[in-house]
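If you read the sequence from its start, that first residue is 1, and numbering goes on from there.
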Amino acid sequence: MTDWARFDPSTFEGEPEATVQRCFPPNGGFAHNYIAFAAPITDANAVFHVPVALSLLAAAAPSTLSFPRGRPLPANLYTVLAGPSSSARKTYSIDLGADILAAAIPERMLHGVQGSDEYLVDFLIDSPHRLIVVREGGSFLASSVERSHLHQVRKTLTACFDASPLSRGTIGKRNAKEARRKDKVPDSTSAATDPARVQSNPRVSMLLGATVGDLESYTYAHEWSTGFLSRFHFTLASPERNYANPLDLDPVTVTQLVSYLRSMHQIGMPGVCLGFDAKAAEHWCTWQQALPRKAFGGKAHASIDRAQLFALKAALLFAWDRLVFPFVRAAGVVPQGTSSLEAPFYVLEADLAPALAFADVHIRSATTILQTIAETEIGRQFRRLAAYCAEHASIATYYELLRFSDLPQRSFREITETMIARRELAPYEMGDTKLGYIHVGSLKGEPLDSARSRLQERLLRDDYESQMRLGTFQDTAH
């Protein structure tokens with residue numbers, strides 16, 4: 001796997017190839033076989049296939065599978081594949097796994113989030129164990145921002161990650177309408193009244209693809225520390241650089257993986273998890289002590305704390321894979337009651353090691369994203385304007401930057417004046433009139449006077465400010 005299992009070095013520091021290699025579970029399990037199948041047939045970064053494989057295991061695993069940690073920790077997982085639009089192959093990576101799950105266990109699949117929050121709650125009460133696949137995460141995030149009709153869905157899904165009980169008490173429409181007409185309280189004993197509906201053990205997982213721009217535009221600061229986004233494992237990666245000839249999708253291998261996953265689902269629970277064995281516990285303590293708690297603050301610190309949950313969930317799923325898969329591969333479905341599967345089991349160091357690497361991927365990805373995106377709308381405008389200048393040789397005329405910003409002139413001037421005060425932009429002026437801007441941070445050693453000369457040439461060449469039009473410009477701008 002060495003040829004294709006690598007991070008983009010510009011995104012991750014340290015030893016990216018070694019980190020990716022550690023994410024892969026040992027030979028013999030479903031996750032290992034799935035990754036070995038998916039990686040060679042796409043130029044997506046191979047690390048994308050690790051959260052997809054774990055999402056499939058979370059969908060197939062029994063609802064009772066949990067790790068003993070105070071309140072039992074369920075084996076569900078929320079994951080985001082993040083990367084550049086189109087080129088990262090996020091959607092294709094998701095589709096590979098989604099197609100296998102849809103063929104193996106269609107009743108555990110949910111394509112996207114549609115309808116109202118009430119509809120989602122009703123659906124999950126009836127079908128509590130689902131993998132929600134959101135291929136275009138930007139559309140979902142955009143439709144569920146604050147004051148949108150799907151915003152409550154984020155709160156419901158946040159509760160589902162924690163396996164909090166779902167309930168919905170409703171009144172029959174006919175009874176409620178009759179009560180409003182007679183101006184009285186609906187009769188709770190009426191046959192038209194629906195009883196309260198409760199699901200005490202939801203096991204919802206999510207697999208979502210998004211760009212960093214989507215995460216910046218359609219999320220809020222508090223969601224990264226205590227809300228919806230804090231529940232997600234993030235995998236940020238760029239496409240493979242050393243991509244050779246792709247392999248065709250092998251229908252025999254696909255059929256085999258579908259059969260494996262279906263049989264693992266039918267086998268179900270191997271026994272009660274007793275936690276770590278001695279070696280795994282020692283490894284866990286060593287990893288916890290090495291967490292970079294002091295290296296980051298705020299939201300990034302919350303992401304590091306949450307990474308411990310992801311490590312435990314991944315280790316539990318790898319352990320279940322290790323215990324159940326050999327029976328599936330050797331002899332098909334094992335009937336319930338088989339003594340070797342009824343015995344309690346421990347999470348071994350071989351299960352924990354790739355899970356800790358999986359958590360390390362989240363720490364690096366989340367901190368990279370959080371150091372990139374802006375928390376407020378003003379901060380996002382700063383980034384947009386700076387990026388526009390940087391993409392146009394570090395210079396922009398007043399009017400082209402104004403048109404790009406799509407802001408009222410007063411707001412535009414306030415933002416650019418703030419950027420000037422912060423020395424992010426340098427103005428090109430004639431008297432009190434600003435004719436253009438220079439993005440200081442992208443000059444790459446070029447003298448500021450040289451950039452001003454280039455901007456002056458652009459103004460004269462494009463006739464933005466000839467002597468004849470200068471008075472009109474001053475009236476419009478000020």
With the threshold set at 4.0 Å, does a side-chain nitrogen-carboxylate oxygen contact exist between [X] and [Y]?
X: Asp162; Y: Arg231; answer: yes
X: Glu429; Y: Arg452; answer: no
X: Glu446; Y: Arg454; answer: yes

Mutual orientation of the aromatic rings belonging to Trp284 and Phe276 [parallel < 30°, tilted 30-60°, perpendicular > 60°]: tilted
Phe232 and Phe234 aromatic ring geometry - parallel, tilted or perpendicular at 30°/60° bounds: tilted
Contacts of type side chain to side chain donor-acceptor pair (under 3.5 Å), residue Ser66, not counting sequence neighbours: none
Residues in side chain to side chain donor-acceptor pair (under 3.5 Å) contact with Glu417, at least two apart in sequence or another chain: Lys434
Lys/Arg cation over aromatic Phe48: Arg89, 6.0 Å, 45° cone: no
Cation over ring face, Lys313 and Phe161, 6.0 Å, 45°: yes
Residue pair Leu81 / Val52, side-chain heavy-atom distance below 4.5 Å: yes
Go through the side-chain N and O atoms of [X] and [Y] and say whether any donor and acceptor fall under 3.5 Å apart.
X: Thr286; Y: His283; value: no
X: Asp360; Y: Trp287; value: yes
X: Ser365; Y: Thr235; value: no

Test of ring centre spacing under 6.0 Å for Phe358 and Phe318: no
